Amino acid sequence: MDGVLFRMDDPLPHASETVRRLQLRGDKVWFLTNNSSKSRAEYVAKLAKFNIITDEEHIMTSAYGTSVWLAEHGRIGQSVFVVGEAGLENELTAAGMKIVPAGAEKCDIVVAGWDRQFSYSKLAAAHRLITEGALFIATNRDVTYPDAGGKTLPGGGSIVAAIETCSETAPITIGKPEVYTLNLILKMAQKTPEDTVVIGDRIDTDIAIGRRVSANTVLVLTGISTRRDAETSAADIKPEIIIDDLSYLT
């Protein structure tokens, strides 16, 4: 979504009419994001502001994907320290996880994502809990996040990297380019990768996840990656099609 349909609170050109055209002709349109700061319900509301209409069932975030992964691995009901924002906490709480504060003596899991209130005290708490045995999960490893006006911000991956460095522990990563969230979509949609087109603005996440599951891939140049990035990218993450904006999607 970010960098494809909007940048922060600014809609991108041709996004709403393109999505509507695809929906009207019968395509199954799903929305996938690594951003864990908002819940699926919040994304439904945000997209509606841009005249893009969908429901929670057709939105997959790294936060919701994390909650599904925890359920599949028998972790529901366990305690979690969250380095992240309200959307991540809401998705984990809705799944039945017990959120603990930074001062907790121990917990079962540390989940880290994009956190614009990240601090040394949160880093220290995550470090202590992980080194004392908590499972470390990263919602995503995005180094940057697309900001308004063509700028970028530090992404959740920069926060995860800080925690990984001090705890000397590599996390389990849920979001793109790992294939877990896209495979969840394919299962829910009851579609094969060959019937699927992944449209994204980042070669290292969007195009990479599409190529990893053998889906068709389209790079749109309204976000992070440039045409030059695509031309010089490794063969296994090179997009099959490059478009300037969503008006070229037919």
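Note that the structure is predicted; figures quoted are calculated from it, not measured.
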side-chain contact (heavy atoms from CB on, under 4.5 Å) assessment of V80 paired with V110: CA-CA 6 Å; V80 182; V110 172; over 6 Å; no

Testing the 3.5 Å rule here: is there a donor-acceptor pair between the side chains of T226 and D229? yes

Side chains of N35 and Y43: donor-acceptor distance under 3.5 Å anywhere? yes

Regarding T33 and D2, is there a side-chain donor-to-acceptor distance under 3.5 Å anywhere? yes

If you define the side chain from C-beta out and look only at heavy atoms, does anything of F31 sit under 4.5 Å from L47? yes

Yes or no on side-chain contact (heavy atoms from CB on, under 4.5 Å) for F136 and I172, after CA distance, side-chain angles and deciding distance? CA-CA 6 Å; F136 181 21; I172 296 168; over 6 Å; no

Residues in salt bridge (charged side-chain N to carboxylate O under 4.0 Å, His left out) contact with R116, at least two apart in sequence or another chain: E85

Taking every non-hydrogen atom, the tightest pair across I59 and R40: O-CD, 3.4 Å

Under 3.5 Å, is there a donor-acceptor pair linking the side chains of T144 and R202? yes

Any donor-acceptor N or O pair under 3.5 Å, side chains S79, D108: yes

Do you know the tightest heavy-atom contact between I209 and D206? CG2-O, 3.1 Å

Taking atom types as modelled and ignoring hydrogens, do the side chains of E178 and T173 form a donor-acceptor contact shorter than 3.5 angstrom? no

